[in-house]
Participant: 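One structure, as structure tokens, below. Some questions next.
Computed from a predicted structure; not experimentally measured. Sequence positions, counted from 1, serve as the residue numbers for this chain.
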Amino acid sequence: MKKICTTAIALSFLLPSFTLGAKTGGVVGYYTFDEEIDDSTDSVEIVDHSGKGNNVFTTAMDGTEFDDGFDGQGLLFNGSDECILLDESVLSGSGFSFVAWVNPQNWKPWMRILDIGDQIEDLWIGMDGVSGKLRMDVVGRGLSGITVLAPLPPTDEWTHIAGTIDGKSAKLYVNGKLCQRIPCPMTPEKLGKNVQGLFVGASNWAPDPAFSGVMDNVLVANRALSDKEITALYRTDNLLHSESEAAGSEKAGEFAAAVFTRQLAVNYAVGDVKLHLKDEDYDFDYGFSPIGLNIDCTLYQSAPFFCGIYKGLDLSAGASIAKTKKIQLAGDEYDIDALTFSEYLSVGPAFRYDIGGYHSVRFVPALQLGFDQSSWDSDEDGVSRMSISDFYTALSFDVSYQYAITKAIGVNVGADVDIPFFGVCAVSTKTDDGSRYLSKDKIGTGVDYRFYAGIVFRK
């Protein structure tokens with residue numbers, strides 16, 4: 001009992017995604033360093049793109065410098081007095097995450113990328129002066145010191161690093177991969193009790209060298225990002241970076257933990273639609289493979305709400321026209337030549353799971369309202385024309401898979417099942433003498449389905 005769009009064109013109108021500061025995301029700072037330098041002042045205000053408004057300022061006394069970033073501009077840390085001071089809101093949640101692209105010019109023992117605390121309760125990421133590896137250290141009262149190690153990023157190359165704590169463990173990542181996980185009871189609340197400095201590029205210990213090199217896409221969150229989120233961040237930035245180099249496109253100005261948040265999909269679909277009435281006098285088979293247009297709008301939150309799953313709101317509307325060749329009436333099948341028009345509107349939550357940065361699956365359970373109408377000339381004695389109109393409410397279940405070929409284009413395959421649970425139908429009969437008869441009935445149960453595949457244009 002619904003329409004099936006054989007050539008279903010799904011337009012996901014490019015709606016703005018939720019900001020990074022969405023409560024479920026926990027991101028409280030995201031810095032792309034694409035600001036312009038004001039020659040009238042040494043300090044430069046770095047805009048926070050998380051939506052939280054936690055802008056920061058550079059500190060170089062002789063003037064801030066930008067250099068080529070991983071994608072667009074990056075902030076050049078001069079190894080002496082250049083750093084940025086984070087807002088204390090980074091310690092306001094259940095955990096802490098620091099993510100950045102780094103391109104060191106050189107390494108010195110104990111050189112800092114990040115340092116938060118006061119030398120008693122402290123978390124820092126930098127070079128281990130003993131092993132020569134990348135090190136995240138967590139120290140505090142009652143702790144003997146937690147050390148997490150990973151390969152040291154090479155000089156003059158871009159490397160993606162991330163460190164997280166959640167009160168249970170400390171993790172260190174390089175290029176999207178978890179390198180080491182150590183049990184760690186430290187919490188942001190303990191770190192923030194007597195905080196002295198929240199430095200990116202400098203240390204709370206005066207003798208330790210400041211970072212020398214370029215950083216880009218620095219992200220901080222007041223929760224521990226998951227392994228899959230860290231991997232998705234790394235892969236997404238890589239995809240955007242390769243596209244930018246190939247096409248000279250501008251850098252993406254906002255964070256996304258997946259390849260896309262908005263899409264325009266053009267699909268080819270086939271399916272089957274039937275209409276069942278409760279009194280069983282009629283069973284209409286509208287047929288297979290109608291042609292139609294579907295517009296699908298989805299707005300996702302910017303970060304997963306559970307186990308790497310993104311949730312959002314999906315609104316879909318469509319219209320189709322089908323050539324119906326056969327219809328069943330009271331158990332008998334008749335050959336007809338009819339056009340069936342169908343329209344629908346559905347709304348429901350959308351759930352998306354990203355498999356790395358290139359693959360994703362989506363599930364949308366929705367409430368659907370629809371209308372079908374079919375009419376044809378009749379060969380029955382005394383009957384010149386018949387028409388059927390139905391209005392229904394159904395539960396719709398849509399599952400799809402998408403693969404990103406590039407940042408902007410992907411492929412899409414999926415299936416849609418609709419189960420009506422309430423509706424009314426009217427059958428109109430026109431006799432040879434011009435008289436009209438109208439009968440009404442409630443719609444019974446049935447299942448409609450479609451399969452579709454197509455190209456996805458997204459942003």
Side-chain angles (χ1 to χ4, degrees), residues 25-29 31 50 52 54 56 59 77 83-100 102 107-153 161-174 177-211 215 218-227 229-230:
V27 178
V28 293
Y31 308 101
S50 74
K52 287 294 186 179
N54 292 324
V56 295
T59 60
F77 291 78
C83 71
I84 57 176
L85 183 64
L86 298 176
D87 188 84
E88 291 189 8
S89 61
V90 302
L91 303 177
S92 63
S94 60
F96 172 76
S97 298
F98 175 82
V99 184
V102 298
W107 283 111
K108 297 178 181 178
W110 312 113
M111 180 181 285
R112 291 296 198 268
I113 295 174
L114 171 78
D115 200 330
I116 293 178
D118 65 348
Q119 299 184 10
I120 298 176
E121 274 92 15
D122 199 87
L123 181 154
W124 64 266
I125 299 175
M127 180 183 179
D128 182 6
V130 177
S131 68
K133 292 186 177 182
L134 181 68
R135 172 172 170 172
M136 181 169 76
D137 236 29
V138 184
V139 297
R141 293 180 177 89
L143 288 179
S144 57
I146 306 298
T147 297
V148 190
L149 298 175
L152 187 70
I161 66 164
T164 69
I165 60 169
D166 61 3
K168 298 178 181 178
S169 62
K171 298 180 180 181
L172 191 58
Y173 305 77
V174 171
K177 294 182 179 180
L178 176 62
C179 295
Q180 193 173 31
R181 175 185 179 275
I182 300 293
C184 176
M186 179 61 75
T187 63
E189 182 182 5
K190 294 177 182 177
L191 279 175
K193 280 185 176 180
N194 299 294
V195 65
Q196 173 179 307
L198 300 93
F199 299 112
V200 175
S203 175
N204 279 306
W205 281 264
D208 295 332
F211 183 74
M215 291 193 205
V218 172
L219 181 149
V220 287
N222 59 13
R223 67 177 179 88
L225 299 179
S226 68
D227 296 354
E229 288 175 285
I230 299 296

Participant: Is Thr59 close to Leu85 at the side-chain level, that is, under 4.5 Å between some pair of heavy atoms?
Facilitator: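 No; the side chains remain at least 4.5 Å from each other.
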Participant: In Å and rounded to the nearest 0.5 Å, what is the CD1 to CD1 distance from Ile182 to Ile165?
Facilitator: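 Answer rounded to 0.5 Å: 14.0 Å.
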Participant: Are the side chains of Val148 and Lys171 in touch, meaning some heavy atoms are under 4.5 Å apart?
Facilitator: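 The answer is no; the side chains never approach within 4.5 Å.
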Participant: State the CD1-NZ distance between Ile120 and Lys190, to the nearest 0.5 angstrom.
Facilitator: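 Atom-to-atom, Ile120:CD1 and Lys190:NZ are 14.5 Å apart.
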Participant: Could you measure the distance from the CD1 atom of Ile230 to the NZ atom of Lys177? Nearest 0.5 Å is fine.
Facilitator: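 Here the interatomic distance stands at 15.0 Å.
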Participant: Which residue in the set Leu123, Val195, Leu91, Val90 passes side-chain contact (heavy atoms from CB on, under 4.5 Å) when paired with Pro188?
Facilitator: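 Of Leu123, Val195, Leu91, Val90, side-chain contact (heavy atoms from CB on, under 4.5 Å) with Pro188 is met by Leu91 alone.
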Participant: For Cys184 and Ala170, which heavy atoms make the closest approach, and how far apart are they?
Facilitator: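 Taking Cys184 first and Ala170 second, the nearest heavy atoms are CB-N, 3.7 Å.
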Participant: Can you find a pair of side-chain heavy atoms, one from Leu86 and one from Tyr31, that are under 4.5 Å apart?
Facilitator: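 Sidechains of Tyr31 and Leu86: in contact.
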Participant: Keeping the roles fixed (side chain from Trp124, backbone from Gly117), state whether a donor-acceptor pair exists under 3.5 Å.
Facilitator: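 It does not hold such a pair.
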Participant: Go through the steps for Trp110 and Asp128 under the test side-chain contact (heavy atoms from CB on, under 4.5 Å), then give the verdict.
Facilitator: CA-CA 6 Å; Trp110 312 113; Asp128 182 6; 3.4 Å; yes
Participant: Kindly compute the distance separating OG1 (Thr147) from CZ (Arg135), expressed to the nearest 0.5 Å.
Facilitator: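 So the OG1 of Thr147 and the CZ of Arg135 are separated by 4.0 Å.
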Participant: Given side chains that start at C-beta, do those of Met215 and Val200 come closer than 4.5 Å, heavy atoms only?
Facilitator: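 Result yes, sub-4.5 Å side-chain heavy-atom pair found.
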Participant: Testing the basics here: between Val218 and Ala100, what is the closest heavy-atom pair and its distance to 0.1 Å?
Facilitator: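 Minimum heavy-atom contact is CG2-CB, 3.8 Å.
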Participant: Would you please name every residue forming a ring-ring contact (aromatic ring centres under 6.0 Å, His included) with Phe96, sequence neighbours left out?
Facilitator: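 For Phe96, no residue satisfies ring-ring contact (aromatic ring centres under 6.0 Å, His included) once neighbours in sequence are set aside.
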Participant: Please find the pair of heavy atoms, one from Pro109 and one from Gly129, that lie closest to each other, and give the distance.
Facilitator: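 Between these two residues, the closest heavy atoms are CB-CA, 3.8 Å.
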Participant: Do Asp118 side-chain atoms and Glu121 backbone N/O form a donor-acceptor pair below 3.5 Å?
Facilitator: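 Flag set: sc Asp118 to bb Glu121 pair under 3.5 Å.
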Participant: If you draw a 6.0 Å radius around CD in Glu189, do more than 12 non-hydrogen atoms from other residues or ligands fall strictly inside?
Facilitator: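 No.
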Participant: Which heavy atom of Gly201 sits nearest a heavy atom of Ala210, and at what distance?
Facilitator: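 Residues Gly201 and Ala210, closest heavy atoms: O-CB, 3.3 Å.
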Participant: Flag the pair Asp166 and Lys168 as a salt bridge only when some basic side-chain nitrogen lies within less than 4.0 angstrom of an acidic carboxylate oxygen.
Facilitator: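 Here Asp166 does not pair with Lys168 in a salt bridge, since their nearest N and O are not under 4.0 Å apart.
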Participant: Quick one, Leu219 and Phe98 - any side-chain contact, counting heavy atoms below 4.5 Å?
Facilitator: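 Answer no - side chains too far apart.
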Participant: Between Asn54 and Val28 (side chain of the first, backbone of the second, donor and acceptor by atom type, cut-off under 3.5 Å), is there such a pair?
Facilitator: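 Answer holds: yes.
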Participant: Indicate the atoms forming the closest heavy-atom contact of Ala150 with Lys133, along with that distance.
Facilitator: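 Looks like O-CB, 3.3 Å.
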Participant: Which atom pair, heavy atoms only, marks the closest approach of Ala162 to Val99?
Facilitator: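 Of all heavy-atom pairs spanning Ala162 and Val99, the closest is CB-CG2, 3.9 Å.
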Participant: Quick one: are Leu114 and Phe211 in side-chain contact, heavy atoms under 4.5 Å?
Facilitator: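 They are not in side-chain contact.
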Participant: Is there a side-chain contact between Leu134 and Ile125, using heavy atoms and a 4.5 Å cut-off?
Facilitator: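 Yes, at least one pair of side-chain atoms sits under 4.5 Å.
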Participant: Give, for atom CD of Glu229 and atom OG of Ser97, the distance between the pair rounded to the nearest 0.5 Å.
Facilitator: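 Going from the CD atom of Glu229 to the OG atom of Ser97 covers 8.0 Å.
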Participant: To the closest 0.5 Å, what do you measure between OH (Tyr173) and OG1 (Thr164)?
Facilitator: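 The OH atom of Tyr173 sits 4.5 Å away from the OG1 atom of Thr164.
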Participant: Kindly write out the residues that satisfy side-chain hydrogen bond (donor to acceptor under 3.5 Å, both in side chains) with Asp122, not counting sequence neighbours, or none if the list is empty.
Facilitator: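 Expected list: Asn204.
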Participant: Do side-chain atoms of Ser89 reach the backbone of Ser92 as a donor and acceptor pair under 3.5 angstrom?
Facilitator: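 No, because the side chain of Ser89 does not come within donor-acceptor range (under 3.5 Å) of the backbone of Ser92.
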Participant: Less than 4.5 Å apart, side chain to side chain, heavy atoms only: is that true for Arg223 and Leu225?
Facilitator: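 Side-chain contact under 4.5 Å: yes.
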